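The sequence lines fix the lettering, A, B, ..., with proteins before strands; numbering per chain opens at 1. Worth saying up front: this structure is predicted, and the values here are computed from it rather than measured.
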2 protein chains.
Amino acid sequence: MIVLLLYLRSNILIMINLLSNLKIQVPDKIYIKDPESSDLGKRIIQHSILLIEEIGFDSFTFKKLGAKIGSNESSIYRYFESKHKLLLYLTSWYWAWIEYQLVFATFNMPDKKEQLFKAIDVVTKTIEEDVEFSHINEVVLNKIIINEYSKSYLTKEVDSENKEGYFVVYKRLIKRLSDMISNVNKDYKYALSLASTIVEGALHQHFLKEHFSSITDCNKDITPTEYFKELTTKAISK
Amino acid sequence: MIVLLLYLRSNILIMINLLSNLKIQVPDKIYIKDPESSDLGKRIIQHSILLIEEIGFDSFTFKKLGAKIGSNESSIYRYFESKHKLLLYLTSWYWAWIEYQLVFATFNMPDKKEQLFKAIDVVTKTIEEDVEFSHINEVVLNKIIINEYSKSYLTKEVDSENKEGYFVVYKRLIKRLSDMISNVNKDYKYALSLASTIVEGALHQHFLKEHFSSITDCNKDITPTEYFKELTTKAISK
DNA sequence: GTAAAAATGATAGTATTACTATTATATTTG
DNA sequence: CAAATATAATAGTAATACTATCATTTTTAC
């Protein structure tokens, strides 16, 4: 019985194991004090995810978060200089986590086409299972990424923040995917644009599915993953 | 000489002519008082576009706008109940204007493939010439759409606002494009998703080109239009 | 041409936001 | 156990996102 359970959830169990040794790396200029370094820091991350999902990023404030975790607004400011930086932290964490899965799941795959498909799987799927042993709820975080990610870069400060390295994780992920596209068809001229279209487009299709279902074909039967796999196949076919 | 000029700019001249008779229709629940109905209203629209482009939507306030146009904050509130509604107005106007061009430019084209290509042109290109006879600067508005459009729907109120009809113009545009895709290949299963990917994806590629050039192939030589035309061709090929 | 209606302007006020600064109190560590 | 560090509590500020009221100007209707 336990063996069967272990088998069914083996991927997740392996990941839990690795994650307990590995730390998802977020660019350190994003925070003032590393939230992973203390109990309060972890509670800030854990509950900010839940609160942003609950009330939306626009209504989210450090004061409300403080109330939720029974802590003081001023204490949260010692970790992040603004709610915008906290969002950058959460999004960087998310993409680093996705990147980790992408690398892990596609490692050593001899068939490059299969590898690319696996990668598309990872970057376009809905997160449905939460790695319960950490303070970060990935299912909820995935929802935040769909609803709020664009807000992290659609700002007047994007160029200076980009120079500071706040978006390196995301850009690295897109490049990895783009390389996998080129591995399948080295003559395809738009590997970077296709990679960025897949990642951003998948978030968008997930959003449309929830809120504007009349302008997407994605629904409970057709996933963004399916759509983007077939789009990619066609796009890079010779 | 004048004839030559007329010839070169004939598309624009025809548009000016039509636009002086036609009014771009925006869902009327978006505003309290129609800004097209008064001089102050037009100045609000004209200068909000310039100010949002200048300082970004997040820093934009009605007080600052009032200062720019030598009018009072309270007067602006008589036209729009919030800056969010003003953004909805601007985006609806923009998509209605794009829709108009799409319908106009593709009308009566017998070759359905050519028609689709023309439509992709219209929805993905950078706006470079401003119809100078109106108070709306379309070149600047296009930049705002690239930087701010997502913020108009990535909110907790999206479902209720959608029910109120605030996004009808955009959805209608996507449907038109989707129909054109189906006209070329009626068996293609993802016409709606492809249409929404093209429109949203083009805005995204324009943004990347400006701010994250390392993760797009688009640049001064390769346009999002070119990328999406070739992507579409491949996607719907049998 | 004037009276009524409508539009705009000026001023004031409110609750909230997004912080900074200071001081007090816990907690950890050497 | 003292010193260092972390957290909490409180206060304060300028700005935001409005609402309300009243005064003034402009438009329109007869």
CG of L40(A) versus P of dT5(D): gap in Å, rounded? 18 Å
W95(A) pairs by ring-ring contact (aromatic ring centres under 6.0 Å, His included) with which of F167(A), Y149(A), Y100(A)? Y149(A)
K33(A) side chain N/O closer than 4.0 Å to the phosphate oxygens (OP1, OP2) of dT5(D)? no
For the pair made of NZ in K64(B) and P in dA15(D), what is the distance, rounded to whole Å? 9 Å
Would you kindly give the CZ-to-C1' distance between R78(B) and dT25(D), to the nearest whole Å? 13 Å
Between F60(B) and Y79(A), name the one whose nearest nucleotide on DNA chain D is closer to the 5' end. Y79(A)
Counting only side-chain nitrogens and oxygens, does S82(A) get under 4.0 Å of the OP1 or OP2 atom of dA18(C)? no
Give a yes/no on whether any side-chain N or O of K63(A) is located under 4.0 angstrom from OP1 or OP2 of dT16(C). no
Counting only side-chain heavy atoms from C-beta out, which of dA18(C), dG9(C), dT7(D) sits nearest to N72(B)? dG9(C)
From CD1 of I32(A) over to P of dA21(C), roughly how many Å is that when rounded to an integer? 12 Å
Between Y190(B) and Y227(A), does the ring centroid distance fall short of 6.0 Å? yes
Taking 4.0 Å as the cut-off, does a side-chain nitrogen or oxygen of Y77(A) come that near to OP1 or OP2 on dA21(C)? no
Strictly below 4.0 Å: does S38(B) bring a side-chain N or O up to OP1 or OP2 of dT8(C)? yes
With a cut-off of 6.0 Å (strictly less than), are more than 12 heavy atoms of other residues, nucleotides or ligands near NZ of K63(A)? no
Please confirm whether F212(B) and Y170(A) have ring centers closer than 6.0 angstrom. no
Against the side chain of E73(A), the closest entry in dA8(D), dT8(C), dC19(C) is dC19(C)
Ignoring backbone atoms, test whether S74(A) places a side-chain nitrogen or oxygen under 4.0 Å from the OP1 or OP2 oxygen of dT7(D). no
Measure from CD1 on I76(A) to C1' on dA9(D) and round the result to the nearest Å. 14 Å
Minimal non-hydrogen separation, I127(A) against I98(A), with atom names: CD1-CD1, 4.3 Å
Taking the minimum atom-to-atom distance to the side chain of T61(B), which one of dT20(C), dA10(C), dA17(D) wins? dA17(D)
Rounded distance in Å - CZ (F62(B)) to P (dT19(D)): 11 Å
Tell me: CD1 of I69(B) to C1' of dA7(C), nearest whole Å? 14 Å
To the nearest Å, give me how far apart CG (D39(A)) and C1' (dT5(D)) are. 16 Å
